[in-house]
2 protein chains.
Amino acid sequence: MAQYSADLDGLFVALADPTRRDVIRRLGRGPTTVGDLAREFPMTLPSFMKHVRTLESNGLIRTAKSGRVRTCVLSRERLALVDDWLAEQRRIWEARTDRLESFVTDQREKNDES
Amino acid sequence: MAQYSADLDGLFVALADPTRRDVIRRLGRGPTTVGDLAREFPMTLPSFMKHVRTLESNGLIRTAKSGRVRTCVLSRERLALVDDWLAEQRRIWEARTDRLESFVTDQREKNDES
DNA sequence: GAAATAGTTAGCCCTTGCGCTAAGTGTTTT
DNA sequence: AAAACACTTAGCGCAAGGGCTAACTATTTC
């Protein structure tokens, strides 16, 4: 659970940058080379590489170098963690609205008794 | 779309902190007072208030002061934006795997011809 | 009305994040 | 072998984030 939370920290931080979200979207269409990716963003290659590293160290993408070219692939499983967190919040919320409903119901029953 | 992206920036940043995620979880069970919330976290009140403000300015919670007490309420609609983004990624991914499948199918057809 | 309560504001420290340039490494190309 | 290519490393500058203390304001409470 502690690890789960630390993972979410990293994931959300990684997703908080528009460049990184764009990379994820781009990689959704298929593997791409660092150079090809970088060309689409208005920043230097070293700056761009930091984003790639951030995505990789948070498990959102995988990369491999062959020759002098590094290729990036989307690693989808990781986004499922975010999904899980959202689902959990929904669950909590719904449990609460259920309680609220039964509260309302209880009140109505009390009124019916009188 | 530009606004959508800026909103996502703020949302993901807001969600990237464990304290703030805990507050969201807590508020899922119902509205709570700043003081009551703060008591559960190992930090001073001014520090905690910053988190509350961050959540509020990103629309994840709403707060109102009555007398000297400020009460926080979860504002669920906002999380839907995150859901939307995730759904979009899934959509892109699935469109791609569809293309991959038809590619495989095409290859098979070519082989069948021979 | 004095004291306790619940936030709020201001400002400081330190670390981290994101951009940059300059220079270096290993791999093709010519 | 030289030149071009595709990163990579190192280090710098600046703004923002998350924590703190100290001091202040506006309600209650006694």
Side-chain angles (χ1 to χ4, degrees), chain A residues 2 5-27 30-74 78, chain B residues 2 5-27 30-74 78:
Chain A
S5 185
D7 284 356
L8 283 177
D9 283 5
L11 280 173
F12 281 124
V13 166
L15 295 175
D17 185 283
T19 297
R20 291 192 293 258
R21 284 198 307 278
D22 280 353
V23 169
I24 289 177
R25 167 184 284 124
R26 185 66 171 47
L27 291 180
T32 315
T33 237
V34 165
D36 284 350
L37 282 172
R39 221 162 289 124
E40 302 181 16
F41 297 93
M43 69 181 69
T44 60
L45 217 136
S47 301
F48 182 75
M49 272 301 294
K50 282 195 189 174
H51 290 300
V52 171
R53 292 302 184 192
T54 300
L55 287 168
E56 185 172 26
S57 67
N58 284 292
L60 283 164
I61 70 175
R62 265 165 297 123
T63 81
K65 199 164 182 178
S66 136
R68 63 186 172 183
V69 176
R70 181 173 293 277
T71 302
C72 308
V73 197
L74 189 58
R78 212 66 180 149
Chain B
S5 185
D7 284 356
L8 283 176
D9 283 5
L11 279 174
F12 281 125
V13 166
L15 295 176
D17 184 283
T19 298
R20 291 193 292 258
R21 284 198 307 278
D22 280 353
V23 169
I24 290 177
R25 168 184 282 125
R26 187 63 173 41
L27 291 181
T32 314
T33 235
V34 165
D36 284 351
L37 283 172
R39 221 160 288 125
E40 301 181 16
F41 298 92
M43 70 182 68
T44 59
L45 217 135
S47 300
F48 182 75
M49 273 300 295
K50 282 196 191 174
H51 291 300
V52 171
R53 292 300 183 192
T54 300
L55 287 168
E56 185 172 25
S57 67
N58 284 293
L60 283 165
I61 69 174
R62 266 166 297 123
T63 80
K65 199 167 180 177
S66 137
R68 64 187 173 184
V69 176
R70 182 174 293 278
T71 302
C72 308
V73 197
L74 188 59
R78 215 63 183 150

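Numbers restart at 1 for each chain; the letters A, B, ... are given by sequence-line order, proteins then strands. Worth knowing before you read on, the calculation uses all heavy atoms, side chains too, and leaves out hydrogens, waters and symmetry mates.
Summarising the geometry, the separation between CZ on A/Arg20 and C1' on C/dG19 is reported as 13 Å, rounded to the nearest angstrom. Atom CE in B/Met49 sits about 21 Å away from atom P in D/dA23, given to the nearest Å. Summarising the geometry, the separation between CG on B/Leu45 and P on C/dT8 is reported as 8 Å, rounded to the nearest angstrom. The interatomic distance linking B/Phe12 (CZ) with C/dG17 (P) rounds to 17 Å, in whole Å. Taking atom CD of residue A/Glu56 and atom P of nucleotide D/dT8, one finds them 9 Å apart after rounding to whole Å. Atom CE in B/Met43 sits roughly 7 Å away from atom P in D/dC20 (whole-Å rounding). The nearest whole Å value for the distance from the CG atom in B/Asp17 to the C1' atom in D/dG19 is 11 Å. Residue A/Leu37 contributes atom CG, which lies 14 Å from atom P of D/dA6 at whole-angstrom precision.
Under 4.0 angstrom from either OP1 or OP2 of C/dG19 there lies at least one side-chain N or O belonging to A/His51. Here A/Arg68 does not reach the OP1 or OP2 of D/dA4: none of its side-chain N or O atoms lies under 4.0 Å away. A sub-4.0 Å separation between OP1 or OP2 of D/dT8 and a side-chain N or O of A/Arg70 is present.
Distances were taken from every side-chain heavy atom of B/Val34 (C-beta onward) to each of D/dC20, D/dC7, C/dG7; the shortest belongs to C/dG7. Among the nucleotides C/dT8, C/dT5, C/dC18, the one closest to the side chain of B/Pro46 is C/dT8. Relative to the side chain of A/Ser47, the nucleotides D/dC7, D/dG19, C/dC20 differ in distance, and C/dC20 lies closest. Nearest to the side-chain atoms of A/Val69 among the listed nucleotides D/dA6, D/dG11, C/dG7 stands D/dA6. Of the candidate nucleotides D/dG11, C/dG7, D/dA4, C/dG7 has the atom nearest to the side chain of B/Lys65.
Residues B/Val23 and B/Leu37 meet the side-chain proximity criterion, which asks for heavy atoms closer than 4.5 Å. Side-chain contact between A/Leu60 and A/Thr54 is absent, with no heavy atoms from C-beta onward closer than 4.5 Å. A 4.5 Å side-chain heavy-atom check between B/Cys72 and B/Thr33 finds every atom pair outside the cut-off. The closest side-chain heavy-atom distance from A/Ile61 to A/Val52 is below 4.5 Å.
With hydrogens and angles left out, the side-chain atoms of A/Arg26 and A/Thr32 include a donor and acceptor closer than 3.5 Å. The closest side-chain donor-acceptor pair between B/Arg21 and A/Ser5 falls under 3.5 angstrom.
Across all strands, B/Arg53 comes closer than 4.0 Å only to sugar-phosphate atoms, never to a base (heavy-atom distances). Residue contacts for B/Arg39: at a heavy-atom cut-off of 4.0 Å it reaches no nucleic acid atom on any strand shown.
The base of D/dG19 sits with one of its N or O atoms less than 3.5 Å from a complementary donor or acceptor on the side chain of B/Lys50.
Toward the 5' end of DNA chain C, the nearer of the two residues A/Pro42 and B/Gly35, judged by each one's closest nucleotide, is B/Gly35. Place A/Ser66 and A/Thr19 on DNA chain C by their nearest nucleotides, and A/Thr19 ends up nearer the 5' end.
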